[in-house]
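Step one of this worksheet: look at the structure below.
As the structure is a computational prediction, the values presented were derived from the model and not from experiment. Proteins get letters first, then strands, A, B, ... in listed order; numbering begins at 1 in each.
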2 protein chains.
Amino acid sequence: MSVSVILVSHDPGLARHWQAALSDVPARLLGSFADLHQQSVQAGSVVWLDADLPDLPRGDDARWVSLLADARVVLASANPQRDAAVAWLEKGCAAYCHAFADADTLRQIQDVVASGNVWVGRELMQQLLATVQRAAAVRAPAQPDWARDLTEREQEVARLVAQGASNRDIANQCNITERTVKAHLAAAFAKLGITDRLQLALRVHGIQ
Amino acid sequence: MSVSVILVSHDPGLARHWQAALSDVPARLLGSFADLHQQSVQAGSVVWLDADLPDLPRGDDARWVSLLADARVVLASANPQRDAAVAWLEKGCAAYCHAFADADTLRQIQDVVASGNVWVGRELMQQLLATVQRAAAVRAPAQPDWARDLTEREQEVARLVAQGASNRDIANQCNITERTVKAHLAAAFAKLGITDRLQLALRVHGIQ
DNA sequence: GCCGATATTGTCCATCGGTACAGGGTGTGA
DNA sequence: TCACACCCTGTACCGATGGACAATATCGGC
């Protein structure tokens, strides 16, 4: 059975920094992503990943799927980038931070992530919120026709479909199961007299 | 100088819950926003605000300015709403959470906020990220000319897809096999950087 | 004549989407 | 209290879809 905290970095200085900060939790140190992939990672483990690892796989690599399913991944970069942060967090990472953040912050991240939550730095959070505000302003106006007979939830799902989201996307975003998404969609289809999501998307956008 | 913690709620049950969870930090309990406004709030204090306070001012109230400038405000609602969360966080609150979150979570929020960071729950975070991703997708490509790189046949198939036709429909209409339809679609997907017919339909209709 | 772009078709297979059974939980109005 | 609407979830099935390998044929240009 593996330890509950795993640090992965090829940079000795960074490894020392992390070990010093997290000295009160038992952590195992690995030198590459390949090393990590050979381990059997215990469910619920916290994995600290150096974003500058030479062998860090791209986002679409299959190894991420199992890792993100089992472990809680903290991605730490010496050069944090906003777009990268959004991409990784959206993919399922539990935190994105500066690799050389101070020890208190690192400990805090460890605590937050270990308890199943997501940690995000203040600046990044402000940027995300501003973006969301802007996006909300664009969509605001209420729809009359197609939405009339649909329940709140059905409308919400329909709007997401109309943006091109898959059932799984919607499930994640609404925090419900894919099955429930299907239920709402089936109800919406029946009410609107259509049979598939594409027709629904066209309806929502006022086409046909 | 000790950083103080102020709890503001009119609900005795909630107040007890908070006091029990945060028993290891010295906290002052107030019963209304008006009470809070009469205090001189020490800079860096953490203020826990019950979002269901009867006298909670609206977002544009002037009192928020000074409060948010001085203190780190945790807004806790018994009925957390996504839009409210975004609005408050964007306004400068340091956290938005469920008022009756478990004690461990409340302590964690206190720690994170006290150190100057922002705390956001997992579900809300997922929603924010999905929204940001979608907003980015809207801005980035912005192709008015979806047809430019497509061959005649690919455009023809794409237009039919955009009307809601299935591969079989298109095959019949164009007098080709379903397999060929798939080939044209695959080519169009690759050229447009998308992966499914719904995205294609949205593009053709000038959405996204 | 060869090369590249286009159009066509094939098989195989993993995943997605939609439907058909099923059920449990909550809140509201009669 | 009971009916009803709404929300949520489960298993199972099957057709539609999209990607990964192909291959063949035509046509225009170098």
| Tell me, do B:L192 and B:L200 make a side-chain contact under 4.5 Å, heavy atoms counted? | yes

Notebook entry, point to check: Crowded around B:R63 CZ? As in, over 12 foreign heavy atoms under 6.0 Å?
Noted result: yes

Self-check item: Lys/Arg N to Asp/Glu carboxylate O, B:E156 vs B:R153, below 4.0 Å
Solution: yes

B:R168 meets the side chain to side chain donor-acceptor pair (under 3.5 Å) criterion, sequence neighbours left out, with none

Given protein heavy atoms under 4.0 Å, the one-letter contact record of nucleotides 24-30 of chain C, with B base, S sugar-phosphate only and - none, is simply -------

In short, the helix from C:dG1-D:dC30 to C:dA30-D:dT1 is bent end to end, axes from five pairs each side, to 10°, by 30°

So the contacted stretch of DNA chain D, first to last nucleotide with an atom under 4.0 Å from a non-hydrogen atom of chain A, runs from D:dC6 to D:dT11

Sequence neighbours excluded, the answer for side chain to side chain donor-acceptor pair (under 3.5 Å) partners of B:E90 is none

Going by an N to O cut-off under 4.0 Å, is there a salt bridge joining B:R58 and B:D61? no

Residues A:F33, A:W64; criterion ring-ring contact (aromatic ring centres under 6.0 Å, His included); working and verdict: CA-CA 11 Å; A:F33 191 90; A:W64 285 110; 5.3 Å; yes

In this structure, NZ of B:K182 is separated from CD1 of B:I170 (nearest 0.5 Å) by 12.0 Å

Test side chain to side chain contact (heavy atoms under 4.5 Å, CB included), reference A:L49, set A:V74, A:L56, A:L30, output is A:L56

The reported gap from CG in A:L185 to CD in A:E178 (rounded to nearest 0.5 angstrom) is 10.5 Å

Next on the checklist: Does either side chain, that of B:S4 or that of B:S45, offer a donor lying less than 3.5 Å from an acceptor on the other one?
Outcome noted: yes

Here the distance between atom P of C:dA7 and atom CD of B:E154, to the nearest Å, is 6 Å

Its contact letters, B for base, S for sugar-phosphate only and - for none at protein heavy atoms under 4.0 Å, make nucleotides 12-21 of chain C read ----SBBBBB

- prompt: Between B:T177 and C:dT9, is there a side-chain N or O to OP1/OP2 distance below 4.0 Å?
  reply: yes

Base, sugar-phosphate or nothing for A:T151? Non-hydrogen atoms, less than 4.0 Å. sugar-phosphate

Exercise for the section: Would you check if there is a donor-acceptor pair between the side chains of B:W48 and B:Q110 at a distance under 3.5 Å? Expected result: yes

C:dT8, OP1 or OP2 - any side-chain N/O from B:H184 closer than 4.0 Å? yes

Non-hydrogen side-chain atoms of B:I6 and B:V46 separated by less than 4.5 Å: no

Taken to the nearest whole Å, CG/B:N175 to C1'/C:dT8 is 13 Å

key: Phosphate contact (C:dT9 OP1 or OP2) by B:T180 side-chain N/O below 4.0 Å   = yes

